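Okay, so here's the structure we're looking at.
Keep in mind that what you see is a predicted model, and the values were worked out from it rather than measured.
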Amino acid sequence: MQIATPYLMFLGDVPDRLAAKTAYGIVDWRPEWCIGQMRLPGCAADLGIPDLTLPEALAKGCRTLVIGVVNAGGVLPEHWVAEIVAALEAGLDVASGLHVRLGSIPAIAEAARAHGRTLHDVRHTSEAFATGKGTRRPGKRLLTVGTDCSVGKKYTVLALEKGMRARGLDADFRATGQTGVFISGRGAAIDAVVADFISGAVEWISPAADPNHWDLIEGQGSLYHPSFAGVSLGLLHGAQPDAVIVCHEPTRTTMRGVEHALPSIRAVIDLTVQLGRLTNPGIRATGIAVNTQALGEDEARRLLSDLAAEHGLPATDPVRFGVEGLVDRLVAEFPETART
C-alpha cells in the first residue's frame, strides 16, 4: 500500500482529542507529511497545524485526505460522506483507518471511479494469515500492554525504537494498528483480523529474526477491557514477548467507553505474565510507561518515582521524560542484545 504524501488530516467533528488519536499520531511522528487539517463545526480536536480548505490544500501540494479519527465500531458518520466526495472530486485520494471500507459507501465509490482517485483502507489487508502456531522463533520481542486502551502503547514503542537505536541496539517498530501503519508504512491492523488468525497475523508481523534483534510490537486494548480483551490476548500469544512494558494513564478511574474499573498496574503485570507464558515461558515485565500529560511536572515525577519503588521497575513518561531507564533495564536483562 503506497499512500501519496503530503496529507490533509480530516478530523470531522470529533468530540475530543482521543477520538482523533490517529491524526495526532501521524502529526507527532511524521510532521513533514502533514500540511494541514480540515475540521467541521463542533470539532473538539486541534492538531496545531493550519486549517485548510480543499482548494488551499491542493494549492500547497496535498495529495491524500487522511481520515484521522477512531470511534466505537469504526463507522463513518453519514454527514462526513459529502466532505469525502468533495475531496475526491477536487483530485485527492482518500485514506482511512476506520473499520468500514470506503468503497462500501456508494457515493464515495462512485466519486473515486469517476475521478480516477484511489481509496486506501489501511485497516484492511489482502494478506491471507495462517493461524498462530506458538512455535518459538529467533529474535527478541517487546510488547506494550495497557491498563486500558489509548494509554500510550504506540508512542512508547516508537520512542523506544528511537532510544534503542541511539544506544546501538538493533530495534524495529512493528505496527498493529491503523495509525502505526500510516506512520511506518507496513504492518497490519490486528483488530480487523478474523479472531482465529490474530496470533498468526502477529507472527507474520514479527517473523523469525537475528537472535539479538528487537521487534518492538505495538500493543492494543487491554486484557481487562471487556470490549477488546480478545484482541489483546491474541496479540500477546502471537508476539511471544520476552519483555513487556505496562502503559498507564493515572487520572482514569474507569476504562474508556465502559463502566468497568481500571485495573492496577500489578494486576496487568501478573495476568500478562500468566497468560504470556503459553508461548514464551521467559516473559517478564521490564518497565512502566505512564502518560502524565494531565499532571504537572513535579506531580508527574513523584508518581513515577513511587511507581518505580512499588514495582521494582523503571517508570517514565516516554514522551515527556525519555526512555533511558527503560533501555537501561532491557540491556541489563538481555545483555546479549547490546552491541559491543
Side-chain angles (χ1 to χ4, degrees), residues 1-31 33-54 56-58 60 62-113 115 117-125 149-150 154 175-185 187-192 220:
M1 184 179 296
Q2 296 294 321
I3 302 174
T5 59
Y7 299 152
L8 174 63
M9 309 304 298
F10 180 77
L11 303 183
D13 50 2
V14 295
D16 56 28
R17 178 187 175 98
L18 273 178
K21 70 173 188 175
T22 293
Y24 279 97
I26 300 169
V27 169
D28 284 345
W29 296 98
R30 295 290 185 266
W33 293 353
C34 304
I35 64 169
Q37 63 186 0
M38 183 176 174
R39 300 184 290 170
L40 301 181
C43 182
D46 186 348
L47 301 173
I49 58 179
D51 285 289
L52 300 177
T53 64
L54 287 173
E56 289 170 340
L58 288 163
K60 290 179 176 289
C62 178
R63 299 179 66 190
T64 301
L65 180 78
V66 172
I67 302 172
V69 303
V70 294
N71 55 40
V75 299
L76 182 71
E78 186 175 348
H79 63 286
W80 291 5
V81 172
E83 306 294 335
I84 295 166
V85 168
L88 292 165
E89 292 174 344
L92 296 180
D93 295 339
V94 178
S96 169
L98 295 172
H99 284 287
V100 63
R101 292 180 184 268
L102 291 168
S104 71
I105 301 169
I108 293 175
E110 176 55 32
R113 282 194 298 269
H115 297 277
R117 308 317 310 170
T118 302
L119 302 176
H120 298 284
D121 291 299
V122 175
R123 227 184 189 114
H124 300 275
T125 177
C149 52
S150 302
K154 174 176 64 270
T176 64
Q178 74 279 4
T179 310
V181 174
F182 274 122
I183 292 168
S184 71
I190 293 301
D191 61 2
Q220 298 292 331

For Asp46, give me all partners under salt bridge (charged side-chain N to carboxylate O under 4.0 Å, His left out), at least two apart in sequence or on another chain.
Arg39

Could you pull out all residues at least two apart from Asp28 that satisfy salt bridge (charged side-chain N to carboxylate O under 4.0 Å, His left out)?
none

Identify, with sequence neighbours excluded, every residue that meets side chain to side chain contact (heavy atoms under 4.5 Å, CB included) alongside Ala23.
Met9, Leu11, Leu47

With side chains defined as the heavy atoms from C-beta onward, is the minimum distance between Leu54 and Met38 less than 4.5 Å?
yes

Run the side-chain hydrogen bond (donor to acceptor under 3.5 Å, both in side chains) test against Ser150 and tell me which residues pass, sequence neighbours left out.
Lys21

Hey, does Thr64 have a side-chain heavy atom less than 4.5 Å from the side chain of Asp93?
yes

Of Leu102, Val100, Leu98, Val94, the residue whose pairing with Asp121 passes side-chain contact (heavy atoms from CB on, under 4.5 Å):
Leu102

Phe10 side chain near Leu92 side chain, heavy-atom distance below 4.5 Å:
no

Residue set satisfying salt bridge (charged side-chain N to carboxylate O under 4.0 Å, His left out) with Glu110, at least two apart, ordered chain then number -> Arg113

Can you list everything that forms a ring-ring contact (aromatic ring centres under 6.0 Å, His included) with Tyr7? Sequence neighbours excluded, please.
Trp33

Using the six-membered ring of Tyr24, assess whether NZ or CZ of Arg17 lies under 6.0 Å from its centre and within 45 degrees of the ring axis.
yes

Within this structure, what is the NE2-CG distance for the pair His79 and Asp13, rounded to the nearest 0.5 Å?
3.5 Å

